[in-house]
Amino acid sequence: MADTLSIATWNINSVRFRAPIVERFLTEHAPDILCLQETKVVDDAFPHDLFHRLGYRHIVLNGQPMHHGVATISRIPLAEDLRHDWQDNGEARHIGVRLPNGWRLENVYVPAGGDVPDREQNPKFGQKLDFLGRMTRWSEQLKDPSIIVGDFNIAPLESDVWSHKQLLDVVSHTPIEVAALAQLQQSHGWVDLGRHFIPAPNRLYTWWSYRAKDWTVGDRGRRLDHMWASPEVARDAIAHHVLEPCRSWEKPSDHIPLVTEFRI
DNA sequence: ATGGCTGGTAGAACCAGA
């Protein structure tokens, strides 16, 4: 009998503040595994009870005070794997696990990179590029069937942003970031599952700013969140969901969840 | 009109997100 595995990724912008919509998402969509970014909570204060109550008893954390933080939450057993500090500054931006079938699942929160797209004027932009460079060197060596998901903070394609022209100088869509992301993708032959299921130039966004009073007016979105798979894993991807309605839920995250279903 | 808002933490004329 064929079986399926569904994996979700969501930049939640505080897992504690967002508890009601996390519960709604898990109840309505029930992925097997949920990868969260920007949990904004130290591991000791993580809301384990919320997830246990919903049937998610396997949780692997990499949190820190105040900012950042990632968590991988599952109904099926997980084996904790490596956690990388690709920025080399102690921030909690990655956690890796192994799934029962041997796949690796990497949950990553790439740095935003500040405002100015120049590493001389803005050290955060340099850190973002260095993070991607270290990821690329890791990815080049990777042999195992793997899935990497999360908030990559880069919208690579013209159809990944509401205005290619107006965002060319805006961090997240600059040519230097797009080139760095392309190198990372090429280093393992990663399949971009979002564009596998919804090819360019179709519109595909995962983030809308909080600053607009109504996020749907003008639809000024960007595709910052991604799900990538090794070529052999991508062959088992059978469906992909982009859950835009979650952007209109009560006290929403500025990012929406993505879900991919795999045949296993 | 891509920063107009948001959350965490301190108790800010804060920081960070993107």
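Numbers restart at 1 for each chain; the letters A, B, ... are given by sequence-line order, proteins then strands.
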* **Any A:R211 side-chain N or O less than 4.0 Å from OP1/OP2 of B:dG4** => yes
* Taking A:N122 for its side chain and A:G113 for its backbone only, find out whether a donor-acceptor pair lies under 3.5 Å. => yes
* Asked: For A:Q37 and B:dA16, what is the distance between atoms CD and P respectively, to the nearest whole Å?
  -> 20 Å
* **Pairwise C1' distance for B:dA12 and B:dA1, with rounding to whole Å** => 27 Å
* Tracing side-chain links under 4.5 Å among I, L, V, M, F, W and Y, which residues wind up in one group with A:L168? -> none
* To do: Examine distances only and state if a side-chain atom of A:S14 and a backbone atom of A:F17 form a donor-acceptor pair shorter than 3.5 Å.
  => yes
* To do: Using whole Å, report how far CG of A:D254 lies from P of B:dG17.
  => 12 Å
* Roughly how far apart, to the nearest Å, are B:dG17 and B:dT2 at atom C1'? -> 13 Å
* Chi class for B:dA12: syn within 90° of 0, otherwise anti -> syn
* Structure fact -> A:F17 atom CZ is separated from B:dG7 atom P, nearest whole Å, by 4 Å
* Asked: Would you say A:S14 reaches B:dG8's phosphate, i.e. side-chain N/O to OP1/OP2 under 4.0 Å?
  -> yes
* Provide, to the nearest angstrom, the distance between the CD1 atom belonging to A:I12 and the C1' atom belonging to B:dG8. => 16 Å
* Asked: Which part of the nucleic acid, if any, lies within reach of A:N11 when heavy atoms closer than 4.0 Å are counted: base, sugar-phosphate only, or nothing?
  -> sugar-phosphate
* Rounded interatomic separation in angstrom, taking CZ from A:R222 and C1' from B:dG17 -> 11 Å
* Asked: Expressed in whole Å, how much space separates the C1' atoms belonging to B:dT9 and B:dC14?
  -> 9 Å
* Would you please confirm or rule out a distance under 4.0 Å between OP1 or OP2 of B:dA18 and any side-chain N or O of A:Y205? => no
* Cut-off 3.5 Å, side chains only: do A:R75 and A:S6 have a donor facing an acceptor? -> no
* P-based separation of B:dG11 from B:dT6 [nearest Å] -> 24 Å
* **A:R222: which of A:D160, A:T206, A:N153, A:V170 passes side chain to side chain contact (heavy atoms under 4.5 Å, CB included)** => A:V170
* Asked: Between A:M66 and A:P111, who's closer to the 5' end of DNA chain B by nearest nucleotide?
  -> A:M66
* Pairs meeting criterion salt bridge (Lys or Arg N to Asp or Glu O under 4.0 Å) with involvement of residues 226-237 of chain A, two or more places apart -> A:D236-A:R263
* Asked: Using the ring of each side chain (for Trp, its six-membered ring), is A:W86 parallel, tilted or perpendicular to A:H94, with breaks at 30° and 60°?
  -> tilted
* Are A:Y210 and A:N13 linked by a side-chain donor-acceptor pair shorter than 3.5 Å? -> yes
* Structure fact -> When A:Y210 and A:P65 are each assigned the nearest nucleotide of DNA chain B, the 5'-most assignment goes to A:Y210
* To do: Could you tell me whether A:R93 contacts a base, only the sugar-phosphate backbone, or nothing, with contacts defined as non-hydrogen atoms closer than 4.0 Å?
  => sugar-phosphate
* Look at the aromatic rings of A:W228 and A:W190 and report parallel, tilted or perpendicular, splitting at 30° and 60°. => tilted
* For atom CD of A:Q127 and atom C1' of B:dG17, their distance in whole Å -> 15 Å
* Could a donor-acceptor pair under 3.5 angstrom be found where the side chain of A:R220 meets the base of B:dG3? -> no
* To do: Can you sort out the partners of A:T39 under side chain to side chain contact (heavy atoms under 4.5 Å, CB included), two or more places apart, ordered by chain and number?
  => A:V15, A:L36, A:V41, A:F46, A:A71
* To the nearest Å, give me how far apart CZ (A:R16) and C1' (B:dG8) are. => 8 Å
* Give a yes or no on whether a donor-acceptor pair under 3.5 Å exists between the nucleobase atoms of B:dT6, that is its base, and the side chain of A:R18. => no
* Asked: Can you tell me how far P in B:dA18 sits from the matching atom in B:dA13, rounded to whole Å?
  -> 25 Å
* Asked: For A:H255 and B:dA18, is the shortest distance between a side-chain N/O and OP1 or OP2 below 4.0 Å?
  -> yes
* To do: Go through the side-chain N and O atoms of A:N11 and A:E38 and say whether any donor and acceptor fall under 3.5 Å apart.
  => yes
* Between B:dA10 and B:dA16, how far is it from one C1' atom to the other, in whole Å? -> 15 Å
* Structure fact -> Stems with DNA chain B, 3 or more Watson-Crick or G-U pairs in a row (under 3.5 Å), are B:5-8 with B:14-17
* Distance-only, no hydrogens or angles: does the A:H226 side chain make a donor-acceptor pair with backbone N or O of A:R223 under 3.5 Å? -> yes
* Asked: Tell me, which of residues 156-181 of chain A have any heavy atom that sits under 4.0 Å from an atom in DNA chain B?
  -> A:W162, A:S172
* Structure fact -> side chain to side chain contact (heavy atoms under 4.5 Å, CB included) test vs A:I7 passes for just one of A:L258, A:T260, A:L105, namely A:L105
* **Value in whole Å for how far the P atom of B:dG17 lies from CD of A:Q64** => 10 Å
* **Near-strand residues of residues 113-126 of chain A, defined as heavy-atom separation under 4.0 angstrom from DNA chain B** => A:D115, A:K124
* Reckon A:N153 has a side-chain N or O less than 4.0 Å from the OP1 or OP2 of B:dA18? -> yes
* To do: Look only at the side chain of A:D85 and the backbone of A:N89, and say whether a donor-acceptor pair between them is shorter than 3.5 Å.
  => yes
